[in-house]
Amino acid sequence: MSSEAVHVALMPSAGMGHLIPCLRLASLLVQYHCKVTLITTLPTVSLAEEQLISRFHSTFPQLNQIHLQLQKPSSPSHNSTTDPFFLRYEAIRASSNLLSPLLSSLSPPLSAFVTDVFLISLLLPITHGLGLPNYILFTSSAAMFSFFSHFPTLVPSLPELDDVKIPGISPIPISSIPHMLLLPNTIFRKIVMEDSPKVTKFQGVFVNTFEALESQSLGALNVGKVVKGMPPIYAIGPFKPCEFEQEGQWEAPLRWLDDKPVGSVVYVCFGSRTAMGRVQIREVGEGLVRSGCRFLWVVKDKVVDREEEVELDEVLGLELEERMREKGLVVKQWVDQSVILGHKAVGGFVSHCGWNSVIEAAWNGVPIMAWPQHGDQKINAGVVEMSGWGMWNKDWDWAGEGVVKGDEIGEAIKEMMKNESLKIKASQLKEAGRKATSVGGDCEVALKKLIQEWKKNVNNI
């Protein structure tokens with residue numbers, strides 16, 4: 001029986017950080033000749049999500065697509081959040097009654113369902129009711145998954161802890177824990193407390209990582225040190241950037257990079273969800289000027305890109321913008337980051353350490369200067385630092401808690417760009433990542449074995 005008899009459905013939640021790995025996994029399954037159904041929720045929060053989904057479906061017309069038109073929650077939320085992405089999770093929850101008939105009507109019947117980590121409690125009863133093997137797509141690091149799955153046992157002692165000790169992995173400083181998990185009544189903590197105990201009810205967990213980057217966490221998870229009864233953790237990364245992610249209108253930064261010396265440019269980007277305040281944005285600009293390095297900087301001052309209406313000169317100020325022109329290019333738009341990081345001119349990356357950014361830097365062998373802003377990013381920065389291909393100033397606060405001055409930023413950038421040991425380690429990690437995804441590599445072996453299991457189940461139906 002061909003692999004096409006294997007039918008896998010995937011459902012991302014909200015935000016580019018969740019959508020990109022889901023689409024890359026979907027494209028990987030298509031390459032292995034599986035039939036794939038992608039369930040996306042409409043309307044999207046951001047314009048970038050909408051455009052990426054459109055390009056994805058144009059690239060893979062054979063892929064089955066289901067658009068789930070979201071319903072508004074019947075009662076107002078009791079959680080005091082205005083975050084548009086968390087509000088989207090509530091809308092998905094309110095529309096969950098639409099999913100079961102959609103899934104049961106698919107042909108051929110589903111072999112497996114891949115659930116975004118933020119939709120665990122929502123989708124698990126549905127897939128169990130339909131008798132579907134269910135897998136989690138965890139969109140952060142294996143280190144973060146260790147913390148996520150162990151979190152409920154830590155809660156009683158959190159107020160007294162200086163470090164979080166999880167069996168089998170290095171201690172995590174309490175200062176690296178997302179603020180929303182330290183406060184008792186946040187929606188984020190509620191989701192984690194509800195979802196974490198359910199991870200053992202799944203058939204497996206997909207993580208966009210690889211052994212050379214996270215051997216300690218992967219080892220501890222897979223032998224049951226972190227949580228007893230943990231299903232298999234499939235390290236199927238690093239996910240390769242895909243052709244559907246590229247779009248012509250973002251070619252201007254690449255043209256600017258083309259005539260720059262090899263490894264001479266520092267790329268600066270804090271992800272799709274981090275909107276810095278004007279004061280901190282201008283200090284970043286000052287730091288880039290003081291560093292003396294060539295730079296490509298993606299500026300973002302709104303959480304949702306549909307609201308990015310202010311021009312760059314108003315954000316930076318005319319005087320700073322003028323001073324930056326000699327050495328740098330500043331853009332205020334979504335860019336194809338994976339292509340930029342793969343450009344020969346880029347020699348360093350100032351990053352918030354969102355996991356997609358970390359993996360894309362590893363794939364391209366680019367050293368990181370970590371500057372975590374929120375969420376899982378300090379735990380991810382710890383992975384980068386311990387792996388020896390990045391640096392992290394732990395004295396810099398979370399976003400909004402303080403302002404890091406331009407002279408500090410400039411000195412840190414200079415240090416990264418001249419550090420040869422970071423470059424050597426990043427190059428070694430690039431080689432290991434490419435090997436993991438090549439023929440006979442860990443990623444290919446794990447996926448082929450899993451698809452064979454799904455095929456056996458199809459044959460037994």
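Numbers here simply count residues along the sequence, with the first being 1. These values consider heavy atoms only, across backbone and side chains, with no hydrogens, waters or symmetry-generated copies.
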Quick one: does [X]'s side chain get under 4.5 Å of [Y]'s, heavy atoms only?
X      : Y      : value
Leu29  : Leu10  : yes
Thr115 : Leu137 : no
Pro21  : Asn356 : yes
Val284 : Met276 : yes
Leu316 : Trp297 : yes
Leu221 : Phe145 : yes
Pro253 : Leu329 : yes

>> With a 4.0 Å cut-off on N to O distance, would you call Glu319 and Arg323 a salt bridge?
In response: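 Yes.
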> Do NZ/NE/NH1/NH2 and the carboxylate oxygens of Glu385 and Lys394 come within less than 4.0 Å?
Replying inline: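 Between Lys394 and Glu385 there is a salt bridge, with a charged N closer than 4.0 Å to a carboxylate O.
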[X] and [Y]: which non-hydrogen atoms are nearest, and at how many Å?
X      : Y      : result
Cys293 : Met417 : SG-CG, 4.0 Å
Val384 : Cys353 : CG2-SG, 4.4 Å
Leu68  : Met11  : CD2-CE, 4.1 Å
Arg189 : Met180 : CB-O, 3.5 Å
Phe239 : Asn208 : N-OD1, 2.8 Å
Val117 : Phe138 : CG2-CD1, 3.4 Å

Working to the nearest 0.5 Å, report the span between [atom1] of [X] and [atom2] of [Y].
X      : Y      : atom1 : atom2 : value
Gln62  : His57  : CD    : NE2   : 11.5 Å
Lys300 : Cys269 : NZ    : SG    : 9.0 Å
Met144 : Gln377 : CE    : CD    : 10.5 Å
Leu447 : Asp442 : CG    : CG    : 11.5 Å
Leu161 : Ile177 : CG    : CD1   : 9.0 Å
Ser176 : Trp392 : OG    : CH2   : 3.5 Å

Between [X] and [Y], a side-chain donor and acceptor under 3.5 Å:
X      : Y      : result
Asn364 : His343 : no
Asn380 : Ser140 : yes
Gln216 : Ser170 : yes
Ser121 : Lys198 : yes
Glu360 : Ser357 : no
His67  : Gln69  : no

Quiz: residues 408-416 side-chain donor-acceptor pairs under 3.5 angstrom, not counting sequence neighbours:
| from | atom 1 | to | atom 2 | distance (Å) |
| --- | --- | --- | --- | --- |
| Glu408 | OE1 | Trp396 | NE1 | 3.2 |
| Glu411 | OE2 | Lys414 | NZ | 3.1 |

>> Test side-chain hydrogen bond (donor to acceptor under 3.5 Å, both in side chains) on His18 and Glu49; report intermediate values, then the result.
In response: CA-CA 10 Å; His18 292 258; Glu49 291 170 274; over 6 Å; no
Is the count of non-hydrogen atoms from other residues, nucleotides or ligands lying under 6.0 Å from [X] atom [atom1] greater than 12?
X      : atom1 : result
Glu194 : CD    : yes
Lys418 : NZ    : no
Lys344 : NZ    : yes

>> Under the criterion side-chain contact (heavy atoms from CB on, under 4.5 Å), I'd like the reasoning laid out for Tyr267 against Val298: C-alpha separation, chi angles, the key distance, then a yes or no.
In response: CA-CA 8 Å; Tyr267 171 60; Val298 180; 3.9 Å; yes
> Can Arg434 and Trp363 be said to form a side-chain contact (heavy atoms from CB on, under 4.5 Å), step by step?
Replying inline: CA-CA 7 Å; Arg434 307 255 169 164; Trp363 176 257; 3.1 Å; yes
> According to the interplanar angle, ranging from 0 to 90°, do the rings of Tyr135 and Tyr234 count as parallel (below 30°), tilted (30 to 60°) or perpendicular (above 60°)?
Replying inline: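 Because their plane-to-plane angle lies in the 30° to 60° range, the rings of Tyr135 and Tyr234 count as tilted.
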>> In terms of relative ring orientation, are Trp371 and Phe270 parallel, tilted or perpendicular, with 30° and 60° separating the classes?
In response: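 Aromatic pair Trp371/Phe270 classed perpendicular.
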> Which is it for Thr37 and Ile66 under the side-chain contact (heavy atoms from CB on, under 4.5 Å) test, yes or no, and what are the steps along the way?
Replying inline: CA-CA 7 Å; Thr37 292; Ile66 295 177; 3.9 Å; yes
>> side-chain contact (heavy atoms from CB on, under 4.5 Å) for Phe148 and Asp195? Distances and angles first, verdict last.
In response: CA-CA 9 Å; Phe148 169 85; Asp195 288 358; 4.0 Å; yes
>> List the residues meeting side-chain hydrogen bond (donor to acceptor under 3.5 Å, both in side chains) with Lys327, not counting sequence neighbours, and say none if there are none.
In response: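 Listed in chain order: nothing, the list is empty.
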